[in-house]
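Scroll down for the structure; my scribbles are underneath it.
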Amino acid sequence: MRSQRKKMCRAIALCFFGMSAILLRADDSRVQAAQPGLLPLPQALEWGEQAIAFEKVKVVLPQVKDAPLRMRQIETELQALLKRNKVAVADDASQQIRLRIGKIEVPGQWEGQEDEAYSLVAEKRGVVITANTVSGLYYGVQTLRQLMVHKDGKATVAACDITDYPAFKIRGLMHDVGRNFQTLDQLKMQIEVMAKHKLNVFHFHCTEYHGWRLESKIYPNLQADSSFTRKPGKYYTQKEFIDLVDFCWARNITVIPEFDSPGHSDAFMKGVGVDNMKDPKALKAITELIDELCSLVPKEKMPYVHVGTDEVRQAKQRVNADYLPALHKCVQDNGREVIGWCSGMTFKGAKQVAQTWAKSNPWGGCQHIDSRSNYVNHLEALDFGVRMFFQQPCRQPNGDSIQLGGVLCHWPDTKVDDEKLILTNNPVIPAFVAYSEGVWKGHAGNYGGYWAKLPSKGTAEYEAYADFEDRIAEQRDRFHSNVPFPMVKTYPIEWRLLGQVADGAVPDLEKGIVKESYDVDGAKFNWSKPVYGGAIHSRHFFGFASHYGGKPKGKDIVWGNTHVYSPVDQEVDAWIGFNTISTSDDRAGSALDGYWSSNKACAIWINGEKVNPPKWANPGKLGKELALIDNVYTSREPAKIKLKKGWNTVLVKSAPTWKWVFSFSPVEKHGLSYREVEGLKYSATKP
């Protein structure tokens, strides 16, 4: 079944991920029409010998009465898919695209996931998608979307036989719109992309210190300008919220709203007129607000309410013993399940779902949603992929009655005036597209050694990761050029490192001179074996495995060297970064005027010539209320670098701030996304 692709690819065993199939990573000559890269991968996939041409089809839909909103969405998306690929719809067509409700069984360890299961068979007669429910049909259509290719004036569908179902019940994205408001248009654009990659939860963190962002009719002062410290008057009306829930519901996505309380409550206290959360008016108000929220949307569409309870750090936020039980009772009396942060407040006998954050562990016996160690606000475009690929949701291969799944969180604490930067300061859309694989397909192991660095070339782990990045890039190029998608492949970029050394310890390097080794006053300095990636972490700020361990006193310089082959003389754009701030933290400091970083030691040379840093908007200044503008390389114009025909030498000098990492990759802009510069090759040692 795989002979065509075997001629141009090499097999990569992924058994260490628990995948029963052998996946094939294509070379540059991949025939996309025959076997396109799917993301997330299905649970079981068998390719046919060739792609099937489609010119005219008959579409047959099931008669379903219990999910009209979702069936209309399926029909709309299927029509758009055929129109985009120039496939005519006609009742007399010899080929069919048939959707039907049938019986799809899932293995015992995936029990409880039947509702979203589907099968898809594509053969000469057409395509048949079978599912237990309309939800499964929707996901089958999303897979068909990836299988259908329009190329050279011809529409084809890859011949295949798929049986598929999710590893986890909850597969989501969280946005903190309390701190930094996003318009509904921007949220809906992301939700469209989420749905296409089988994510099914949008966690709507809509209250914060800076504003209570959901309209209340009973406490209208929550919307008064005086209750906001950022973007006053920017909130979602109740009508807009109902519209958002329906928009998500039509696409198989459940909205989980969060009223974070009693912490993060400054805007709440201003809006309801209390000085501290022990005031009886506070408990009365929060329960009435929950009742009001639940009155807007039926429990079938909004089965959970998140109550926060984290980071109660100020005296005015502390509450009496009756506060939290009353909060839980209010949610449960409205027929909803309670979710709360762990670590956060709880009480004996509480019945809730625990959502873990940062490095916390779930409470024993509680149902669990995993958001540990994968916050998008700490990630950048050149390092997010390994975390998404090697970090195992819930630390087990698939979900069960306790381990419900995962939510990828984005906490852009620092002020952002232009909402578009929220999606470019961090790789939000590429990250959740990548995250979809772990929560849908599942990972058999939790490979913490690769959360901040790539495996060595030639290993099965490296080949599996390379295939993953290839598939993300293919999705980017085929479907996501019109959304902010800051991602390029990083696995081909090969470096060698020299360090840790004192600043000035190797004088030739300070001049941009690259040699195979250096002798300085009887001391010999050698380069490392090749390492890989677009972002090289000398020391990871969370303590994840990185290329070096601690910080030896006085030895705070690491040098990096790669060689870039260019087929022609050219000037290209490049992402260059040293000051990779986290958008929820200002400890890294802002870059200084005339330097690449808040640490003056950082520098980069191309062919022995220093590359000048940008002219910064706010050099040397950074605080959570000073808006981010050009602090992150994906939110500013790329640097310009000149490459000569042949091999070019890149030398990087990196030094620590809060993070100790350097980032480099040539890039080419396509629409709102970026791509790799065509024809470039990389080698740690110049061939």
Side-chain angles (χ1 to χ4, degrees), residues 69-70 73 76-77 138 142 170-208 210-215 223 228 230-260 293 296-297 301-302 304-306 371 375-377 407-436 479-480 482-486 583-584 628 635 672-673:
L69 190 63
R70 286 178 170 171
Q73 185 64 30
T76 298
E77 292 195 27
Y138 184 81
Q142 302 316 313
I170 286 180
R171 312 178 299 278
L173 170 71
M174 188 222 76
H175 263 308
D176 171 9
V177 296
R179 291 181 174 92
N180 282 297
F181 179 84
Q182 295 184 62
T183 61
L184 277 178
D185 284 346
Q186 180 155 305
L187 292 179
K188 286 181 175 180
M189 175 267 288
Q190 295 169 78
I191 288 160
E192 290 273 20
V193 181
M194 288 173 61
K196 287 171 172 51
H197 295 278
K198 303 183 177 69
L199 296 175
N200 70 346
V201 162
F202 178 55
H203 178 168
F204 188 56
H205 183 91
C206 58
T207 69
E208 258 305 332
H210 304 288
W212 187 278
R213 303 283 182 193
L214 182 59
E215 178 191 26
Q223 280 72 64
F228 292 86
R230 284 187 194 163
K231 297 209 171 179
K234 294 293 185 181
Y235 61 90
Y236 308 93
T237 68
Q238 291 185 358
K239 183 178 179 181
E240 287 173 328
F241 177 72
I242 294 167
D243 172 65
L244 178 65
V245 171
D246 283 343
F247 184 88
C248 289
W249 185 254
R251 292 158 178 79
N252 265 28
I253 292 174
T254 298
V255 174
I256 298 178
E258 180 183 354
F259 288 177
D260 199 354
L293 168 70
L296 301 177
V297 180
K301 289 185 179 179
M302 194 176 76
Y304 300 97
V305 172
H306 202 303
S371 295
Y375 287 179
V376 187
N377 41 283
V407 171
L408 184 66
C409 294
H410 187 219
W411 301 100
D413 297 39
T414 305
K415 184 180 179 183
V416 180
D417 286 336
D418 181 353
E419 70 167 349
K420 295 183 182 64
L421 298 186
I422 294 170
L423 303 184
T424 57
N425 283 336
N426 301 106
V428 177
I429 296 177
F432 73 64
V433 168
Y435 185 65
S436 71
F479 304 117
H480 303 316
N482 294 324
V483 301
F485 205 95
T583 56
S584 60
L628 297 173
S635 285
L672 295 178
S673 69

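Fair warning: this is a prediction, and the values are worked out from it, not measured in the lab. Just so you know, residue 1 is the first one in the sequence shown, and it goes up from there. In what follows, every heavy atom counts, from backbone to side chain, and hydrogens, waters and symmetry copies are set aside.
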Test your reading of the model: is there a side-chain donor-acceptor pair from [X] to the backbone of [Y], 3.5 Å cut-off?
| X | Y | answer |
| --- | --- | --- |
| Q73 | L69 | no |
| S635 | N425 | yes |
| K231 | D417 | yes |
| R171 | K198 | yes |
| Q182 | V177 | no |
| R213 | G178 | yes |
| R179 | K415 | no |

For residues [X] and [Y], report the shortest heavy-atom separation together with the two atoms involved.
| X | Y | value |
| --- | --- | --- |
| P430 | P427 | CD-O, 3.4 Å |
| N377 | S584 | ND2-OG, 2.8 Å |
| T183 | E419 | N-OE1, 2.8 Å |
| P484 | T424 | CB-CG2, 4.1 Å |
| F202 | I253 | N-CG2, 3.6 Å |
| Y236 | F181 | CZ-CE1, 3.3 Å |

[X] [atom1] to [Y] [atom2] distance, which is reported to the nearest 0.5 Å:
| X | Y | atom1 | atom2 | answer |
| --- | --- | --- | --- | --- |
| F204 | M302 | CZ | CE | 11.0 Å |
| T414 | I422 | OG1 | CD1 | 11.5 Å |
| L199 | L408 | CG | CG | 8.5 Å |
| S436 | N200 | OG | CG | 11.5 Å |
| L244 | I191 | CG | CD1 | 5.0 Å |
| Q223 | T237 | CD | OG1 | 10.0 Å |

Salt-bridge present (K196, E192; N to O < 4.0 Å):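 Looking at E192 together with K196, the answer is yes, because their closest N to O distance falls below 4.0 Å.
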
For the residue pair [X] and [Y], establish whether any side-chain heavy-atom pair is separated by less than 4.5 Å.
| X | Y | answer |
| --- | --- | --- |
| F432 | V193 | yes |
| E215 | E240 | no |
| Y304 | V201 | no |
| K301 | D246 | yes |
| Y235 | L214 | no |
| C206 | F259 | yes |
| L421 | L628 | no |
| R230 | N180 | yes |

Under 3.5 Å side-chain donor-acceptor pair for T583 and N426: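 A donor-acceptor contact under 3.5 Å links the two side chains.
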
Any side-chain donor near an acceptor of the partner, T207 and D260, under 3.5 Å: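 Their side chains do not contain a donor-acceptor pair, so the 3.5 Å distance test is not met.
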
D243 atom CG, neighbour heavy-atom count above 12 within 6.0 Å: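 Count over threshold, so yes.
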
Test side chain to side chain contact (heavy atoms under 4.5 Å, CB included) applied to I429 and M189, step by step: CA-CA 10 Å; I429 296 177; M189 175 267 288; 3.7 Å; yes

From CA spacing to verdict: side chain to side chain contact (heavy atoms under 4.5 Å, CB included), R251, M194: CA-CA 9 Å; R251 292 158 178 79; M194 288 173 61; over 6 Å; no

From H175, H203, H205, residue fulfilling ring pair (Phe, Tyr, Trp, His ring centres under 6.0 Å) relative to W411: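 Only match with W411 under ring pair (Phe, Tyr, Trp, His ring centres under 6.0 Å): H205.
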
Lys NZ or Arg CZ of K188 over F247 ring: under 6.0 Å, within 45°: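 Cation-pi check for K188 and F247: passes.
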
